[in-house]
Amino acid sequence: MPQKIPKSFYVREDVVTIAKELLGATLVTNIGGILSSGKIVETEAYAAINDRSSHAYMGRRTERNEMMYAAAGTVYVYLCYGVHKMINIITNRIDVPEAILIRAVEPLQGLETMAIRTGKDASDPTLTKGPGNLTTAFGITKALQGEVVFGKTIFTLEGEMKKILQEEIGISKRIGIDGAGEDALLPYRFYLKNNKYVSAWPRK
DNA sequence: CCGGGGATTATCT
DNA sequence: GATAATCCCCGGC
């Protein structure tokens with residue numbers, strides 16, 4: 001039986017470590033009774049108030065980023081460029097705004113539904129590659145805002161996360177961070193090498 | 001194969 | 001009024 005990842009996994013203090021350890025885990029959504037699942041192959045960590053690229057930099061707290069201050073395991077959905085939804089999982093304790101952005105998964109279950117949602121072919125390698133494509137394929141919308149990843153609408157399973165070897169993990173700076181100064185260079189992005197669902201290498 | 005730019009809108013200043 | 005944790009298409013090499 002697949003093992004759900006417990007809340008204690010997300011409550012820990014080091015968001016960067018959690019982001020790395022999440023590789024290989026299985027992300028599942030159950031939208032209207034339809035299951036979509038995939039192996040997490042790419043993540044990024046957003047540290048708390050000293051990370052300029054975080055929405056919560058300097059403790060900023062607004063209506064949009066309120067969920068970043070919620071309990072570990074809470075889902076934070078953010079609309080980017082007016083087009084793409086991104087999904088984050090909150091870590092650490094309440095009022096410490098740290099999050100993990102899930103950037104890509106390798107689809108496992110529900111390929112046909114993903115194809116319908118995205119208008120692509122089920123064999124299209126871009127189906128769940130990149131944060132915007134992933135949320136579209138999995139049916140993730142702001143309706144999931146504030147849900148936790150231990151419920152039945154969305155949850156995470158251990159999957160292969162404990163089987164990933166260090167040498168299979170690639171590390172880089174985060175993608176698409178603009179105007180964050182030196183924080184844009186932090187090595188907070190983790191991905192599985194040689195997985196075709198990992199989004200592009202940093203452009204700049 | 002690579003780089004540039006437009007799409008599109010909630011949120012912040 | 002400007003910005004943004006992106007994607008896709010198109011033109012050029």
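These figures come from a predicted structure and were not determined experimentally. Order of the sequence lines fixes the chain letters, A, B, ..., with proteins taken first and strands second; residue numbering starts at 1 for each chain.
Atom pair A:Lys120:NZ and C:dC7:C1' shows a separation of 8 Å (rounding to whole Å applied). For the pair A:Arg117 CZ and C:dC7 P, the interatomic distance rounds to 18 Å; values are reported in whole Å. Rounded to an integer number of Å, the gap from A:Gln145 CD to B:dA10 P is 14 Å. In this entry the distance linking CG of A:Asn65 with P of B:dA10 reads 17 Å, nearest Å. Between the CD1 atom of A:Ile175 and the C1' atom of C:dA4 there is a distance of 16 Å, given to the nearest Å. Distance A:Leu79 CG to B:dT11 P: 8 Å, rounded to the nearest Å. Rounded to an integer number of Å, the gap from A:Tyr81 OH to C:dA2 C1' is 13 Å. Put simply, OH on A:Tyr57 is 17 Å from C1' on C:dT3, counting in whole angstrom units.
A:Tyr78 does not qualify as a stacking partner of the C:dA5 base, lacking a centre-to-centre distance under 5.5 Å together with planes within 30°.
Nearest heavy atoms, A:Lys163 versus A:Glu168: O-OE2, 3.9 Å.
Of the candidate nucleotides B:dA10, C:dT6, C:dA5, C:dT6 has the atom nearest to the side chain of A:His84. Distance from the side chain of A:Lys142 is smallest for B:dT11 among the nucleotides B:dT11, C:dT6, C:dA5. Out of C:dT6, B:dT8, C:dC8, the shortest distance to the side chain of A:Val83 is found at B:dT8. In the set B:dT11, C:dT6, B:dT13, the nucleotide with an atom closest to the side chain of A:Pro131 is C:dT6.
At the heavy-atom level, A:Asn88 lies under 4.0 Å from base atoms of the strands shown. Within the 4.0 angstrom heavy-atom criterion, base atoms lie near A:Leu101.
The shortest distance between the side-chain N/O atoms of A:Arg60 and the OP1/OP2 oxygens of B:dT11 is not below 4.0 Å.
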Dot-bracket assigned to DNA chain B with the 3.5 Å Watson-Crick/G-U criterion, [ ] for crossing and | for other-strand pairs, is |||||||.||||.

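Between A:Arg60 and A:Pro97 the shortest side-chain heavy-atom distance does not fall below 4.5 Å. Using a 4.5 Å heavy-atom cutoff, the side chains of A:Tyr46 and A:Leu101 are in contact.
Checking A:Cys80 against A:Arg64, the closest nucleotide of DNA chain B that is more toward the 5' end is the one next to A:Cys80.
Between the A:Thr43 side chain and the A:Ala19 main chain, a donor and an acceptor come within less than 3.5 Å of each other.
Ring-plane geometry between A:His55 and A:Tyr78 is classed as perpendicular, the angle between the planes exceeding 60 degrees on a 0 to 90 degree scale with a lower cut at 30.
Taken to the nearest 0.5 Å, the CG atom of A:Leu186 stands 9.5 Å off from the CD1 atom of A:Ile177. For the atom pair OH of A:Tyr197 and CD1 of A:Ile40, the computed distance is 15.5 Å after rounding to the nearest 0.5 Å.
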